[in-house]
Number of protein chains: 2
Amino acid sequence: MNETDEKPKDDQQPTRRSTVTVHDVARLAGVSSMTVSRVVNGTKVREPLRVKVQAAVEELNYVPNVAARAARSGTNRIGVLFSNPRSSNLGDFLMGAFQQAGTDGTQIIVEPAAGHRHAVDAVRKLVEMGADGIILPPPLCDSLEALDVVWAAGIPALSFATADPRSHSSAVLIDDFEGARAMTRHLIELGHRDIAFVRGDPGHSPALRREEGFRAAMAEARVPIDRARLIDGMFTYRSGLDAGRQLLEVDPAERPSAVFASNDDMAAAITAVALGLGISVPGELSVAGFDDTPIASLMWPPLTTIHQPISEMASKAVEILGESVRHRRSGKEPLVRHHVCTFKLMHRGSTGPRA
Amino acid sequence: MNETDEKPKDDQQPTRRSTVTVHDVARLAGVSSMTVSRVVNGTKVREPLRVKVQAAVEELNYVPNVAARAARSGTNRIGVLFSNPRSSNLGDFLMGAFQQAGTDGTQIIVEPAAGHRHAVDAVRKLVEMGADGIILPPPLCDSLEALDVVWAAGIPALSFATADPRSHSSAVLIDDFEGARAMTRHLIELGHRDIAFVRGDPGHSPALRREEGFRAAMAEARVPIDRARLIDGMFTYRSGLDAGRQLLEVDPAERPSAVFASNDDMAAAITAVALGLGISVPGELSVAGFDDTPIASLMWPPLTTIHQPISEMASKAVEILGESVRHRRSGKEPLVRHHVCTFKLMHRGSTGPRA
DNA sequence: CTGTTAGCGCCTTCAG
DNA sequence: CTGAAGGCGCTAACAG
């Protein structure tokens, strides 16, 4: 339409970015593009050159082109097998995974496991889509069967946030035992003795480890555990509601002074039940969770919980699996790594000194 | 350690995938690789050829190499400027955005706006990192200043989930007005007349549109709106708690029979307040929200709300912005598109007939 | 409509 | 340790 030369200056966008390549940097630094590549990738290069290149990179605002890099070095495709697409920390997971992926040109394929009769089919699908490695988030990370299927497909698997890493597959995790122990201590230090613990899904390894951590801390403090204070739960909000009612719909004198739920969803539900019964939190009841999912800071009062650095863990997972894949490509023996991330106790508003 | 040649057969992984390229497909189909490329990308190819190629693709399980494609066609880098990294639908957003990005080799750069004194700085940072286009999620999508900064940088911007799309920048949105109107009608059809409305952050365009939708539906049904039933809120759980108390801590006869909160977080808070006061939901009070964030299906009772297809919207946003960037690269005039997605009323447990 | 040619930006490989 | 050559898999651009 508008093929004339008259360009309405004021309605025109100004600058236009032109792509900066290794060659531009190389020219400016007076070296070969290979040297630039090496500097950027952290390979050995003598100091004087490295400095000049760095300067040129900064001056030109050079950003490596991940796609081109991947095209040359062989693209890794990593599959993520999601069983629960609305899992509360999905956001953090993807954030971390894709950040790492963007850095090294890894391609990520997300496949919802629901809709498949069996994990087997989902894995097969991923393999057909060209996955070179597969990340198994909970609860699949604990499924020996799923792990076996991936193994049988001839590609490396990585268990994400399992508490039971297997020796022939990689894993990224936190120490659930220590996390629960730390939280229990926190409660004890606040003066609580009558502490209830709400279990998680027994088919999920962290649930067990967390209970052990709770028991350990109680034992160390020589606080006996009343069996009636150990409540079954399933990690769902719904099961937390049930646990809360069981624990709190009783004579005030019979109530525990603190509840440690093995995840945030249940802790949130218990808090809602407490508030519903007119029990003040943390005034009359302290509530603690585990995971630090978004709900923990969304609810009121904000939840004291154990922060799992999901995003960082996801990024590490992609990195490790990527290495495994490259290893395998070059014919080396399988690379298996277990990476333990550090958790952090987030002391927020839902726990306080015993009344 | 284990450098011997003895390989324990049973502990060895089997198959290994070899990469399938356009050429393999071309050879099998008896055509040129260009034709394969065209078929895969949906360009015009005569039927007989297209069929043969398709067959070869399936037989070989060919999957295009996104990285290589991007390397050749020019990689798009799209920046996302997050102001609220724990926003509840971040997960859905990233899921959709990265899915699309994975399909067309777009590189996504996420930058938290917090930590920057001004949106300007964040945008500048993104541009320095090589962004060719920028997506502005709420509340930045409504900031004329942010839009201007991007414009000044010479690259296209896209407002995500604004209710006020601007004419010189693209946008992906739902019709907030119609969504609120639909929800209000739902409440009216259930027999409610005394309906309270909790406003959202007035600095955020959807808040206004939603209120208008509410008013429109009430007017159509000739139900007068009592000013005292219009409560200010800020889209936060905390502000929902306040609104809930204001509305519900009164004589039962004075309570509305339904509350329509302009987002889910506030609706969840109001539900918690109601339950806390012993008011049954939906028995004595219906509560409705807007957005369908994870909390809506997590809470109890599950929330009736308006579903925004965030994931689909994000994917569309990346697609549209990608086109704009390609347009600009090839020197055509700016491409601006406004895409309106369809919302869906999710009738769940928190609303019911008037008592 | 289809095929040919020529690289995208980078890095593997192999000389020097 | 550094540079030169070559090509990863794919698709613009042009020819036929």
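All heavy atoms count here, side chains included; hydrogens, waters and symmetry mates do not. Below, read A as the first sequence line, B as the second, and so on, with proteins coming before strands; counting in each chain starts at 1.
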Please list, in 5' to 3' order, the outermost nucleotides of DNA chain C lying under 4.0 Å from any heavy atom of chain A. C:dG9 to C:dT12

Residue-level proximity of residues 30-39 of chain B to DNA chain D when a heavy atom falls under 4.0 Å: B:M34, B:S37

By ring-ring contact (aromatic ring centres under 6.0 Å, His included) - contacts of A:F93 (at least two apart): A:F82, A:F160

Name each donor-acceptor pair under 3.5 Å that joins a side chain in residues 56-63 of chain A to protein atoms two or more places apart or in another chain, with its distance.
none

Sequence neighbours excluded, which residues qualify as side-chain contact (heavy atoms from CB on, under 4.5 Å) partners of A:E312? A:P309, A:C341

My understanding is that only residues two or more places apart in sequence, or in another chain, count here; which of them pass side-chain contact (heavy atoms from CB on, under 4.5 Å) with A:T43? A:R38, A:N41

Taking the axis from the first five pairs and the axis from the last five, what angle separates them in the helix from C:dC1-D:dG16 to C:dG16-D:dC1, rounded to 10 degrees? 30°

Mind checking side-chain contact (heavy atoms from CB on, under 4.5 Å) for B:Q100 and listing every partner two or more places apart, or none if nothing turns up? B:D104, B:S315, B:V318, B:E319

Span of DNA chain D engaged by chain A, first through last nucleotide within the 4.0 Å heavy-atom cut-off, is D:dC1 to D:dC8

Who are the side-chain contact (heavy atoms from CB on, under 4.5 Å) partners of B:V149, not counting sequence neighbours? B:V120, B:V123

Enumerate the residues from residues 41-68 of chain B whose closest heavy atom to DNA chain D is under 4.0 Å, giving them by residue number; use none for an empty result. B:N41, B:Y62, B:P64, B:N65, B:A68

State which residues pass ring-ring contact (aromatic ring centres under 6.0 Å, His included) with B:H168; sequence neighbours excluded, sorted by chain then number. B:W151

